[in-house]
Amino acid sequence: MEIFRTFEHMKLVFATANPGKIREAQEILGEGFELVTPASLGITEDIPETGSTLRENSRQKADYIYNKTGLDCFADDSGLEVDLLDGAPGVETARYAGADKNPQANIAKLLREMGGREPRTARFRTCVTLIINGGYHYFDGVMEGSIGYVCKGEGGFGYDPIFTPEGYDRTNAELGEEEKNAISHRGKALRAMAAYLKK
Ligand code: IMP
C-alpha cells in the first residue's frame with residue numbers, strides 16, 4: 001500500500017466503521033484530504049478499545065491501524081461527563097448500561113442515576129489521536145451543556161435527546177446535523193486537527 005502526500009493532497013485512514021463520522025470528518029477536512037476507511041484496507045474486525053481514558057482509547061485505535069498498515073491515520077473517542085456523577089459515564093459512555101451499547105438503555109440508566117438532582121451540567125468530550133510519519137498528535141474538543149429530565153427530539157444519536165448545549169433551548173436531537181456539527185465536541189476536535197494539518 002502506497003501512501004502519498006503532497007501539498008495538494010493527503011491520504012489519511014480514519015479508524016472508524018461509522019459512515020456518519022467519515023462524512024463529517026471529510027466535510028471538515030475538505031478536498032485536500034482523502035479519507036480511507038479500515039474496511040477498504042481489509043480491516044473489518046472490531047478495533048479494540050480497552051483504555052481507561054478517552055485519550056488512551058483513541059490512541060489505541062490509531063495505533064491498531066498504524067501497526068497494521070504503516071499509514072498516516074487518526075482515531076477519535078468520545079464520552080459524556082456528568083458533574084453530578086463525578087464525570088461518569090466518561091470512558092464507559094457507549095457501554096454504560098451494557099455491552100450491547102443500547103442508546104435507550106444508556107439514557108434510562110443515566111436519568112435513573114441522576115434522579116431529580118441538580119446541577120445537571122455535563123459535557124461531551126472528544127479526543128483525537130493523529131499519527132503522521134510515526135509522530136503522535138492529540139486534539140480535544142468539548143461541548144458544554146446540561147442533561148434534561150425527559151427525551152426531546154428525533155435527530156442525532158446516543159444521548160442527544162437528553163443533552164441541551166449551553167446557550168440553546170433545544171436538545172442536540174432537535175438541532176439539525178449541520179447546526180450540531182458546528183458546535184459539537186467531535187467537530188471541534190476535528191477542526192483543531194484540520195487546522196494543524198493545513199499549517
Ligand atoms: P464514540 O467514541 O464516538 O463512539 O462515542 C462513544 C459514545 O458516546 C457513543 O456510543 C454515544 O453513546 C456517545 N456519544 C458520542 N458523541 C455523541 C453525540 O454527539 N451525541 C450523543 N451521544 C454521543
Side-chain angles (χ1 to χ4, degrees), residues 14-28 35 37-38 46-65 73-82 85 87-111 113-114 120-130 138-148 150-166 168 170-193:
F14 185 4
T16 182
N18 180 335
K21 282 189 182 180
I22 301 264
R23 198 172 60 236
E24 183 184 355
Q26 187 68 68
E27 265 166 34
I28 288 172
L35 292 187
T37 61
D46 277 349
I47 301 176
E49 35 184 318
T50 55
S52 54
T53 63
L54 299 175
R55 177 169 289 192
E56 273 176 32
N57 273 346
S58 72
R59 179 171 171 142
Q60 189 180 18
K61 288 187 273 189
D63 266 337
Y64 188 87
I65 297 296
C73 59
F74 67 97
D76 71 325
D77 201 51
S78 301
L80 177 63
E81 301 169 352
V82 177
L85 303 177
V91 75
E92 301 296 335
T93 297
R95 296 176 178 79
Y96 192 39
D100 59 345
K101 302 184 183 177
N102 181 303
Q104 284 81 29
N106 283 340
I107 288 178
K109 178 171 178 186
L110 188 71
L111 294 179
E113 296 286 333
M114 293 179 74
R120 313 284 292 183
T121 46
R123 67 205 52 77
F124 279 112
R125 186 185 302 280
T126 295
C127 294
V128 168
T129 297
L130 168 71
Y138 304 99
F139 306 93
D140 289 1
V142 168
M143 174 165 52
E144 298 284 348
S146 61
I147 304 295
V150 293
C151 289
K152 287 186 192 159
E154 305 296 326
F157 69 99
Y159 296 77
D160 278 342
I162 55 166
F163 186 90
T164 299
E166 196 172 65
Y168 285 72
R170 287 168 294 157
T171 68
N172 273 354
E174 295 173 301
L175 301 179
E177 186 173 305
E178 211 174 305
E179 200 174 2
K180 180 189 157 191
N181 289 348
I183 57 167
S184 82
H185 45 309
R186 193 168 20 258
K188 286 175 184 164
L190 289 173
R191 277 191 292 277
M193 181 181 81

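Ligands are counted one by one from 1 in listed order, and the atoms in each one are counted from 1 as well. Each residue takes its place number in the sequence, starting with 1.
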**Q** Should R23 and E177 count as an ion pair when the cut-off is N to O under 4.0 Å?
**A**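 Salt bridge: yes.
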**Q** Looking at every non-hydrogen atom in both residues, tell me the closest pair between E144 and V142 and how far apart they are.
**A**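 The pair with the smallest heavy-atom distance is OE2-CG1, 3.7 Å.
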**Q** Just by modelled atom types, is the T171 backbone N or O under 3.5 Å from a matching donor or acceptor in the E174 side chain?
**A**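 Indeed, once roles are kept as given, a pair shorter than 3.5 Å links the two residues.
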**Q** Check this for me: K152, atom NZ, are more than 12 non-hydrogen atoms of other residues, nucleotides or ligands nearer than 6.0 Å?
**A**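 Counting neighbours around NZ of K152, 12 or fewer heavy atoms of other residues, nucleotides or ligands fall under 6.0 Å, so no.
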**Q** Which side-chain N or O atoms in residues 73-82 pair as donor and acceptor under 3.5 Å with protein atoms at least two apart or in another chain?
**A**
| from | atom 1 | to | atom 2 | distance (Å) |
| --- | --- | --- | --- | --- |
| D76 | OD1 | K21 | NZ | 3.3 |
| D76 | OD2 | K21 | NZ | 3.2 |
| D77 | OD1 | K61 | NZ | 3.1 |
| D77 | OD2 | N57 | ND2 | 3.3 |
| S78 | OG | T126 | OG1 | 2.8 |
| S78 | OG | R186 | NH1 | 3.4 |
| E81 | OE1 | R125 | NH2 | 3.1 |
| E81 | OE2 | R125 | NE | 2.8 |

**Q** Check whether Y64 reaches the backbone of A15 with its side chain - one donor and one acceptor, N or O, closer than 3.5 Å.
**A**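 Judged by distance alone, no pair lies under 3.5 Å.
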**Q** Residue by residue, ordered by chain and number, which ones reach under 4.0 Å of ligand 1 with a heavy atom?
**A**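 Residues K21, D77, S78, T93, A94, F124, F157, G158, Y159, D160, K180, H185, R186 each place a heavy atom under 4.0 Å from ligand 1, listed by chain and number.
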